[in-house]
Amino acid sequence: MNILMIASEVAPYVKVGGLGDVVGALPKAIEKLGHDVRVICPLYGSIVKDENWNSFKSPFNIYFGGKNLKAKIWESTLPNSNVKVYFIEYNVLYAYKEVYSGPWGAHENNDRRFIFLCRSGIELSKLINWQPDVIHCHDWPTAPTSLMLKTSYLNEPKGNCATVLTIHSIQHQGSFHAGILDYAGVVSESIFDTGHLETNDQLNFLKCGLIYSTKITTVSPNYAREIQTPEYGYTLDKTLISRSSDLVGILNGIDREEWNPQIDIYIPKNYSSDNLKGKYGCKAHLQKSFGLKEKPDILLFGVVARLYEQKGIDLLADIIPRMMEQMIVQLVILGNGDTELEKKVEMLANRYSDRLGFQTGFHNSLAHLVYAGSDSFIMPSRFEPCGLSQMYAMNYGTPPVARATGGLIDTIDQYVEGSEKGTGFLFDLPTQDALYYTLGWACSTYYDRPAEFLNLQLNGMKKDFSWDVSAKLYEQVYKSAIEAERVRILLDT
Ligand code: ADP
Ligand code: GLC
């Protein structure tokens with residue numbers, strides 16, 4: 001099959017969170033199954049081209065907003081693969097370094113930036129002389145692709161292309177003025193007035209994809225169930241229920257070429273489940289990097305997260321004084337996001353500077369060190385569609401303390417005291433107390449039952465989170481999407 005992924009992030013070139021990791025790794029796993037997978041993404045101001053990139057001589061013509069615009073396409077590949085990545089250079093829309101929002105808030109032209117991306121994905125085949133059998137879109141930025149195919153391209157062969165939409169998070173839906181559809185070449189009155197694409201009088205990008213995509217996936221089986229409830233569905237639960245026969249939850253995997261303590265190039269010492277000595281070297285290095293005392297025996301908790309409500313870091317911040325006063329622990333936090341939360345964590349880090357280290361900003365190599373050097377990883381998410389961080393932590397021998405929600409339930413095995421079972425510590429309610437007592441549980445296990453703590457570490461390191469199984473499930477979804485479009489065409493004629 002020929003599969004085109006249209007995405008707003010692709011690691012290692014551009015990554016805001018796990019979506020970038022997935023688009024950087026899944027195509028490689030699907031390619032290994034014998035398919036031709038390609039990715040298209042904007043060339044943001046932050047992306048640095050290298051000498052292996054080639055550009056297409058002919059301009060990339062895009063009809064957009066009633067005008068013929070000329071962009072340029074650059075071609076590169078995903079590391080260690082033949083997966084081609086096409087970057088659209090169009091500085092009028094993509095010069096910003098930040099993908100979605102800057103310090104001033106969301107970019108005011110995000111609607112045009114991402115509709116342009118959808119349209120570029122659809123039009124790309126002409127320039128590169130390659131026709132996808134399936135177009136795979138990710139989250140709200142590229143969700144409108146299927147709406148465009150089924151309206152403005154309806155009478156062209158392209159209009160019959162199968163589409164798959166993956167929901168990485170239902171919280172962000174992309175609501176914009178419906179006039180943006182004119183830019184996309186879709187007659188807004190006819191679509192908008194049907195009354196099913198808008199939320200609060202705004203066009204909802206994600207909903208466009210939920211209604212028009214041939215198949216829908218999300219990133220864990222448990223989250224697939226959760227988003228069909230009002231509690232987790234962010235108003236789209238009923239829409240999802242209406243598409244439930246086309247919706248499937250497929251667990252994310254991790255890229256073992258980048259996230260593997262045996263070969264990780266970002267950590268000072270490599271190690272494996274046969275010998276954890278290198279992990280203790282990483283711990284000392286991590287303590288030093290965050291200005292903490294280099295003590296081998298103290299329990300060191302780690303956090304790497306976007307600092308937003310979703311991740312529950314506010315719950316953690318609220319119990320830090322209790323933790324610092326009543327537990328013998330150190331804590332390192334790497335994260336950026338909400339300014340108030342950043343300030344609060346900064347203030348706490350100043351107050352408990354001997355045991356709490358905080359670094360803001362986005363630092364990939366430091367993130368690797370936190371997963372490797374911490375003894376336990378904290379992830380108190382209010383919701384978590386899949387979560388990659390807990391999988392990285394487990395594979396690095398760092399049992400997570402996590403809220404039992406979404407993909408965290410699907411990936412973490414609860415520790416059973418007195419047994420050899422488990423890979424981490426799960427708690428049910430998103431409350432300060434639940435988090436506090438579960439951190440206490442991790443503490444007592446670390447200090448009082450070290451052999452059982454070691455079992456948790458080794459069990460997590462041996463868990464297979466590779467993409468192999470999930471890539472086969474995506475392959476099935478692609479096949480069923482192609483078949484569904486074939487049947488639809490037969491019925492229409
Ligand atoms: P989400 O996509 O919701 O942020 P995931 O757990 O799926 O959550 O993925 C988060 C990804 O982003 C991981 O690769 C994590 O290491 C990375 N990450 C998050 N915050 C930072 C940061 N401040 N610096 C470096 N990497 C980060
Ligand atoms: C989203 C989710 C996260 C998931 C990631 C990749 O950002 O918040 O849980 O792992 O996408 O699918």
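Predicted model only: the values in this text are computed from it and were never measured. Keep in mind that the numbers below use all heavy atoms, side chains included, and drop hydrogens, waters and symmetry copies. Atoms within a ligand are numbered from 1 in the order they appear, just like the ligands themselves.
- Where the criterion is an N or O separation shorter than 3.5 Å, residue side chain and backbone included, Cys386 meets it with respect to ligand 2.
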Query raised in the report: Where do Gln390 and Thr411 land on the side chain to side chain donor-acceptor pair (under 3.5 Å) test, with the steps shown first?
Result: CA-CA 8 Å; Gln390 81 283 5; Thr411 51; 3.0 Å; yes
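- Other residues, nucleotides and ligands place no more than 12 heavy atoms under 6.0 Å from the NZ atom of Lys421.
- Within a 6.0 Å radius of NZ in Lys15, more than 12 heavy atoms belonging to other residues, nucleotides or ligands are found.
- Checking each of Val477, Ile3, Val248, Thr214 against Val164 for a side-chain contact (heavy atoms from CB on, under 4.5 Å) leaves exactly one that passes, namely Val477.
- A ring pair (Phe, Tyr, Trp, His ring centres under 6.0 Å) with Tyr13 holds for exactly one of Phe87, Trp74, Tyr44; it is Phe87.
- When hydrogens are left out, the protein atom nearest atom 11 (O) of ligand 2 is His168 CB, 3.3 Å; that is the closest non-hydrogen contact.
- Nearest protein neighbour of atom 10 (O) of ligand 2, counting heavy atoms only, is Gly387 N, 2.7 Å.
- The proximity of Asn252 to ligand 2, defined as any non-hydrogen pair under 4.0 Å, is limited to the side chain.
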Report task. Check the pair Asp264, Tyr396 against side chain to side chain donor-acceptor pair (under 3.5 Å), reporting the backbone distance first and the verdict last. Result -> CA-CA 10 Å; Asp264 192 321; Tyr396 279 72; 2.5 Å; yes
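- Short contacts between ligand 2 and Val219, defined as distances under 4.0 Å to a heavy atom of the residue, involve ligand atoms 12 (O).
- Taking the six-membered ring for Trp and thresholds of 30 and 60 degrees, Trp259 and Tyr371 have ring planes more than 60 degrees apart, a perpendicular arrangement.
- In this structure, CD1 on Ile227 lies 12.0 Å from OH on Tyr232, to the nearest 0.5 angstrom.
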List of N/O pairs, ligand 1 versus protein, all under 3.5 Å?
from     : atom 1 : to     : atom 2 : distance (Å)
ligand 1 : 2 (O)  : Gly18  : N      : 2.6
ligand 1 : 3 (O)  : Arg306 : NH2    : 2.7
ligand 1 : 3 (O)  : Lys311 : NZ     : 2.8
ligand 1 : 4 (O)  : Arg306 : NE     : 2.7
ligand 1 : 4 (O)  : Arg306 : NH2    : 3.4
ligand 1 : 6 (O)  : Leu388 : N      : 2.9
ligand 1 : 6 (O)  : Ser389 : N      : 3.1
ligand 1 : 6 (O)  : Ser389 : OG     : 3.1
ligand 1 : 7 (O)  : Leu388 : N      : 3.1
ligand 1 : 8 (O)  : Lys311 : NZ     : 3.0
ligand 1 : 9 (O)  : Gly18  : N      : 3.3
ligand 1 : 14 (O) : Lys15  : NZ     : 2.9
ligand 1 : 14 (O) : Asp21  : OD2    : 2.6
ligand 1 : 16 (O) : Tyr371 : OH     : 2.7
ligand 1 : 23 (N) : Gly361 : O      : 2.9
ligand 1 : 24 (N) : His363 : N      : 3.0

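- In this structure, Phe176 has its ring center closer than 6.0 angstrom to the ring center of Phe205.
- Note: Tyr478 and His136 meet the aromatic proximity criterion, with ring centroids under 6.0 Å apart.
- Here is the list of ligand 2 atoms found below 4.0 Å of a heavy atom in Val22: 6 (C), 12 (O).
- Nearest non-hydrogen protein atom to atom 3 (C) of ligand 2 is Glu384 OE2, 3.3 Å.
- Nearest non-hydrogen protein atom to atom 8 (O) of ligand 2 is Gln310 NE2, 3.0 Å.
- Counting the atoms of ligand 2 from 1 in the order shown, those under 4.0 Å from a heavy atom of Gly18 are 5 (C), 6 (C).
- Protein heavy atom nearest atom 7 (O) of ligand 2, with residue, atom name and distance: Arg306 NH2, 4.1 Å.
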Query - Candidate pair Asp354 and Lys293, rule salt bridge (Lys or Arg N to Asp or Glu O under 4.0 Å), full reasoning - result: CA-CA 7 Å; Asp354 56 333; Lys293 284 207 186 85; 5.3 Å; no
